[in-house]
J.: 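Encoded as structure tokens, here's the structure I'll be asking about.
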There are 2 protein chains.
Amino acid sequence: MNNYSFITMSENNIISIDSVIENLISIHPLLSKTFTRSIRHKTNLNPGSLYVLGVLTHYEKLSMSEIGCKLAMPKPHVTNQVDKLIVENMVERFFDPADRRIINIRITPKGIEDFNDIKQSISEEMRHKLELLDNETLEKLSVASLQVKEILMTIDMDRTKTSGTCCKSE
Amino acid sequence: MNNYSFITMSENNIISIDSVIENLISIHPLLSKTFTRSIRHKTNLNPGSLYVLGVLTHYEKLSMSEIGCKLAMPKPHVTNQVDKLIVENMVERFFDPADRRIINIRITPKGIEDFNDIKQSISEEMRHKLELLDNETLEKLSVASLQVKEILMTIDMDRTKTSGTCCKSE
DNA sequence: ATAAATAGTTATACTTTTGTAACCATTTTT
DNA sequence: AAAAATGGTTACAAAAGTATAACTATTTAT
């Protein structure tokens, strides 16, 4: 029985992983299209810049490489997107006192404010859709999306290839 | 008390919608990057073609416009992506007997098979990450992602602008 | 029957993102 | 001190996706 329960456990696990991936793959284009489109129409920022801004709201500071890692974005592209955000005073660079090669980025108060405005604006359409859901469904979606978000954020989608090494252990 | 409870209800609702959007916006780049990168490296298909293929696994048939609607993809782009899938024998066109302007697309058995292979392959990295999660977390993610997926799929991310009208009522 | 609307394609210009390699500055290794 | 590794930038080529308009074929409305 021990053995048996172990096997089913493991089986379940595999099934679980596949179904998770299945779900995530389905979720992705739905979100991708909604937000990307809105971003294009309602802001001057590239989708990429906005992702950078977004990830910076979750961390006090990130180095250029870490940003690229969190978003699996090539380093040269990170440079470009951060440059744009700096022009807009939404983020700022500062050297790492311990290692002067490292350039850290943090979001500015203006960045936080702007990001909130942008979020409001790009999510207008989706808000209208969500308003049509009944309370129970909405609540379910709220809890479920929070869980997905939190779990995914603990997973580093790192890549070691594109341009030098990427995320190290957190 | 009735009134009060109504107000809090409504407040909660607004808070819920905002937090849902917040979560979805956070989830999006995480998935986007993971899958997009893998798609690029492990298949010959564009990400776009794969999204089309994916959405076709969920519906028996879809017209060109409906595909564009489900994915919020401009119609000319849908044409391109479907063309590529047809060359690979992964989907097929057939006229709608009731209205010969409409071209319906359905996935072929080969398409289903290939899509499964591709899914396996593009999700390898993510599978390794997910394997590191403990069972409880994985189970939570499985349930939560399923809920998010199912709810989002009931919401049409339609757009009426790009190229003529889009999704009509389901 | 004619005009207007709809579904889809073609063509084209454009933006965003990716991939690669060369390069500088700094740190680590030896 | 010299060599190797690391973090970041620059520059350029290529892929993917977006926007728009013009066009054909079919259907619907008048």
Side-chain angles (χ1 to χ4, degrees), chain A residues 29 32-52 61-69 71-86 93-105 159-168, chain B residues 29 32-52 61-69 71-86 93-105 159-168:
Chain A
S32 176
K33 297 304 168 171
T34 318
F35 291 121
T36 307
R37 282 294 301 268
S38 294
I39 290 167
R40 236 175 272 274
H41 289 287
K42 310 214 169 151
T43 76
N44 309 321
L45 296 175
N46 295 343
S49 300
L50 209 65
Y51 302 156
V52 171
K61 66 175 166 59
L62 288 174
S63 72
M64 299 297 284
S65 297
E66 284 169 337
I67 292 171
C69 164
L71 301 173
M73 190 183 273
K75 278 208 279 188
H77 195 38
V78 175
T79 301
N80 286 334
Q81 304 311 69
V82 168
D83 280 350
K84 286 180 187 170
L85 293 172
I86 284 178
R93 280 186 239 256
F94 62 101
F95 282 97
D96 194 315
D99 182 343
R100 290 186 38 221
R101 289 172 304 182
I102 298 175
I103 296 183
N104 288 305
I105 311 294
R159 326 220 65 263
T160 345
K161 261 180 63 184
T162 308
S163 315
T165 46
C166 197
C167 303
K168 43 201 63 171
Chain B
S32 175
K33 298 304 171 172
T34 318
F35 291 121
T36 308
R37 283 295 300 267
S38 293
I39 290 166
R40 237 176 271 274
H41 289 288
K42 308 213 171 150
T43 77
N44 310 320
L45 296 176
N46 296 344
S49 302
L50 209 64
Y51 302 156
V52 172
K61 67 173 165 56
L62 288 174
S63 72
M64 299 297 283
S65 297
E66 284 169 337
I67 292 172
C69 163
L71 301 173
M73 189 183 273
K75 278 208 280 187
H77 196 37
V78 175
T79 302
N80 286 335
Q81 302 314 70
V82 168
D83 280 350
K84 286 180 189 170
L85 293 172
I86 284 179
R93 279 186 238 257
F94 62 102
F95 282 97
D96 192 315
D99 182 343
R100 289 184 41 219
R101 289 171 304 181
I102 298 175
I103 297 184
N104 288 305
I105 312 295
R159 325 221 66 262
T160 345
K161 261 181 62 182
T162 308
S163 313
T165 44
C166 199
C167 304
K168 43 200 62 169

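Quick caveat, the model's predicted, so the values are computed rather than measured. Naming convention: chains lettered A, B, ... in sequence-line order (proteins, then strands); numbering from 1 in each chain.
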J.: Please indicate whether Phe95(B) has more than 12 foreign heavy atoms, meaning atoms of other residues, nucleotides or ligands, lying under 6.0 Å from its CZ.
T.: no
J.: Between CG of Asn104(B) and CD of Glu66(B), what distance do you get to the nearest 0.5 Å?
T.: 7.0 Å
J.: What is the separation between atom CE on Met64(A) and atom C1' on dT6(D), rounded to the nearest whole Å?
T.: 15 Å
J.: With respect to the phosphate group of dG8(D), does any side-chain polar atom (N or O) of Ser65(A) fall under 4.0 Å of OP1 or OP2?
T.: yes
J.: In Å, rounded to the nearest 0.5 Å, how long is the span from CG of Leu85(A) to CG of Leu50(A)?
T.: 8.0 Å
J.: Which residues satisfy the salt bridge (charged side-chain N to carboxylate O under 4.0 Å, His left out) test with Asp96(A), sequence neighbours excluded?
T.: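 So Asp96(A) forms no salt bridge (charged side-chain N to carboxylate O under 4.0 Å, His left out) with any residue.
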J.: Send over the distance from Phe94(B) CZ to dG8(C) P, rounded to a whole Å.
T.: 12 Å
J.: Atom CD of Glu66(A) to atom P of dT6(D): distance rounded to whole Å?
T.: 15 Å
J.: Val52(A) versus Lys84(A): any side-chain heavy-atom pair under 4.5 Å?
T.: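 Contact flag for Val52(A)/Lys84(A) side chains = no.
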J.: Rounded at 0.5 Å granularity, tell me how far OG1 in Thr79(B) sits from CE in Met64(B).
T.: 4.0 Å
J.: Quickly, which of Ser63(B), Ser65(B), Pro97(B) forms a side chain to side chain contact (heavy atoms under 4.5 Å, CB included) with Ile102(B)? Name it, please.
T.: Ser63(B)
J.: With nearest nucleotide decided by heavy atoms, which residue, Ile102(A) or Pro97(B), maps closer to the 5′ end of DNA chain D?
T.: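 Looking at DNA chain D, the more 5' nearest nucleotide goes with Ile102(A).
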J.: If you assign each of Asp96(B) and Val78(A) to its closest nucleotide in DNA chain D, which residue comes earlier from the 5' end?
T.: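 It is Val78(A), whose closest nucleotide lies nearer the 5' terminus.
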J.: Search all heavy atoms of Ile39(B) against all heavy atoms of Tyr51(B) and return the closest pair with its distance.
T.: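 Answer, listing the atom of Ile39(B) first, then Tyr51(B): CD1-CE2, 4.2 Å.
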J.: Got a sec, which residues hit side chain to side chain donor-acceptor pair (under 3.5 Å) with Arg101(A), two or more places apart in sequence or on another chain?
T.: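 Residues passing side chain to side chain donor-acceptor pair (under 3.5 Å) with Arg101(A): Asp99(A).
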J.: If the sugar-phosphate is the primed atoms plus P, OP1 and OP2 and the base is the rest, what is the B/S/- string for nucleotides 10-17 of chain D, using protein heavy atoms under 4.0 Å?
T.: BB----SS
J.: If we fit an axis to the first five pairs and another to the last five of the helix from dA1(C)-dT30(D) to dT30(C)-dA1(D), what angle do they make, to the nearest 10°?
T.: 30°
J.: Should His77(B) and Ile67(B) count as side-chain neighbours, where that means a heavy-atom distance under 4.5 Å?
T.: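 Not in contact.
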J.: Looking at residues at least two apart in the chain, or sitting in another chain, which of them share a side chain to side chain donor-acceptor pair (under 3.5 Å) with Arg40(A)?
T.: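 Arg40(A) satisfies side chain to side chain donor-acceptor pair (under 3.5 Å) with no other residue.
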J.: Could you tell me how far apart Asn104(A) (CG) and dG8(D) (C1') are, to the nearest whole angstrom?
T.: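 Taking CG of Asn104(A) and C1' of dG8(D), I get 12 Å after rounding.
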J.: For nucleotides 24-26 of chain D, which of its nitrogen or oxygen atoms have a protein nitrogen or oxygen under 3.5 Å away, and what is each distance?
T.:
residue : atom : partner   : partner atom : Å
dT26(D) : OP1  : Arg100(B) : NH2          : 3.0

